[in-house]
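Okay, structure first, notes after.
The chains referred to below are lettered A, B, ... by the order of the sequence lines, with proteins before strands, and numbering in each begins at 1.
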There are 2 protein chains.
Amino acid sequence: MARNKYPEKTVNMILDAAFKLFMEKGYERTSIQDIIDNLGGLSKGAIYHHFKSKEDILIAVINQMTAESNQLLAEVRDRQNLNGREKLRAIFKESLFRPVQDDIFSVAPNLGDSPQLLFGIIKDTLYEAVPHYVLPIIRQGIADGSIVTDYPSELAQLIILAANVWMNPMIFDDSPEESHNKFMVFGQMMKGMGLDILDKEMLERLENLAQIYHDNK
Amino acid sequence: MARNKYPEKTVNMILDAAFKLFMEKGYERTSIQDIIDNLGGLSKGAIYHHFKSKEDILIAVINQMTAESNQLLAEVRDRQNLNGREKLRAIFKESLFRPVQDDIFSVAPNLGDSPQLLFGIIKDTLYEAVPHYVLPIIRQGIADGSIVTDYPSELAQLIILAANVWMNPMIFDDSPEESHNKFMVFGQMMKGMGLDILDKEMLERLENLAQIYHDNK
DNA sequence: CATTTACATACCGACGTTTGGTATTTATAT
DNA sequence: ATATAAATACCAAACGTCGGTATGTAAATG
């Protein structure tokens, strides 16, 4: 392939192909050669010019995946008219209802078969999204009295892990019914900690996503 | 190496070496050759006679790791003098206080750097330990009135995931302080769901294990 | 025009796995 | 009790693929 005047286009091509393959086959079962074969004529040298390792590609893919989500979290975090509790509710709801979720659940990735990718996302969530976006919201909630806890950081972790990992139908291959049940238990847990912020709309959206996922696999 | 009259001895040698290496270096960074080198003179062919793939060894190692734990769970499940709630408490306490835990935390595996091993353990826990041991306990608790939930299976999953994964200092590299905080939040969550079954002894033991882990890494 | 950048090509060592064979044990038949 | 057949345990070597690198080349830049 001829040299590209705008190398970022090439980078994006690589990332798109890698993303697609990581989703379809899982990270560990996707070879560099697979990525090359999905790229109209681009060579291995090109890939290693833009990325220093296969794991480097994985990291970039994960960042690309979480970037948009983090932007939403940042936006909610910086709103002025909500208290902490309401912001917590907002990030759940708006994350669930992002239109891209339909696309993601449509490719039906078997995340449960891609431990490196999955764990990368989890770490990214825990060490990026939680401290930078969720924790400030919890802290605000403590300050304004809408959230009560002595351990904001760990509370944020547990909630986000339960919501984003355990309740993600793609990770544990949950049916809509299982998603329903998990949501109910999650709601019970949140309620128990004084955070009654879930509603029927969110439940229905989760079931809907689980359905989309199951129809496409 | 001469042919062994009792091939199970050879299998165990392989498993022991693999376990040690998986713990020290992580699954993905342990090669078959590494295992051979830790086995006085055994050949690669021998390994592939007893195991059909590297992943097959991983699965066997995981089964070996969880077998002992599951035995404890089965024992508690089948006790006659406790209600469901008390049994739930018992499996937490007795799992924490198993003496082997000291050994496991001493080798200080960087589980967080071994996603395949870690996810294997999680799946094993979720799809073996939960349905066979924890779920019956929850069901008994519902029957005898000591536990209240409409979704026993999902409740069991969430509790076990939080306790065994999120609160495991080896997985997220937690300091004793972080372990302390996680335990407090976990306790708050359990209390919120009507399961006030944690005590100071358990907290101290968890901190102790986190300390052992940190001293050995 | 000189230098940097974006790629292509050829290659490397290490890896997981397969194969073909040998020695030892176990089961069967005499 | 012994001979023989079959199954098992193991070895040594080689295969194909992998992630990664060294080197070459042509396009873009300034």
Please report the distance, rounded to the nearest Å, between [atom1] in [X] and [atom2] in [N].
X: B:Tyr48; N: D:dC10; atom1: OH; atom2: P; answer: 16 Å
X: A:Asp34; N: D:dG19; atom1: CG; atom2: C1'; answer: 13 Å
X: A:Gln116; N: D:dC18; atom1: CD; atom2: C1'; answer: 14 Å
X: B:Leu58; N: C:dG16; atom1: CG; atom2: C1'; answer: 14 Å
X: B:Gln33; N: C:dA14; atom1: CD; atom2: P; answer: 11 Å
X: A:Ile47; N: C:dT9; atom1: CD1; atom2: C1'; answer: 14 Å
X: A:His50; N: C:dA6; atom1: NE2; atom2: C1'; answer: 6 Å
X: B:Leu39; N: D:dA9; atom1: CG; atom2: P; answer: 16 Å

Do A:Arg205 and A:Phe97 form a cation-pi contact, if we require the NZ or CZ to be under 6.0 Å from the six-membered ring centre and within 45 degrees of the ring's axis?
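The answer is yes, since A:Arg205 meets both limits relative to A:Phe97.
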Charged N-O contact under 4.0 Å between [X] and [Y]:
X: B:Lys123; Y: A:Asp113; value: yes
X: B:Lys182; Y: B:Glu178; value: no
X: B:Lys54; Y: A:Glu28; value: no

Flag if over 12 foreign heavy atoms under 6.0 Å of [atom1], [X]:
X: B:Glu55; atom1: CD; value: no
X: B:Gln64; atom1: CD; value: yes
X: A:Lys52; atom1: NZ; value: no
X: B:Glu24; atom1: CD; value: yes

Every protein N/O within reach of nucleotides 12-16 of chain D N/O, cut-off under 3.5 Å:
none

Those residues of residues 21-29 of chain A lying under 4.0 Å from DNA chain D by at least one heavy atom
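By residue number: none to list.
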Nucleotide nearest [X] when distance is taken to its side chain, options [options]:
X: A:His49; options: C:dG16, D:dG20, C:dA6; result: C:dA6
X: B:Ile32; options: D:dG19, C:dC7, C:dG16; result: C:dG16
X: A:Ser31; options: D:dG20, C:dT17, D:dC18; result: D:dC18
X: A:Lys54; options: D:dG19, D:dA9, C:dC15; result: D:dG19

Quick one: is C:dC7 close enough that its OP1 or OP2 comes under 4.0 Å of any side-chain N or O from A:Thr10?
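It does, given that an N or O in the side chain of A:Thr10 lies less than 4.0 Å from OP1 or OP2 of C:dC7.
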Can you tell me if B:Asp124 uses its side chain to pair, donor with acceptor, with the backbone of B:Gly120 under 3.5 Å?
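No, the answer is negative, given that no donor and acceptor are paired below the 3.5 Å cut-off.
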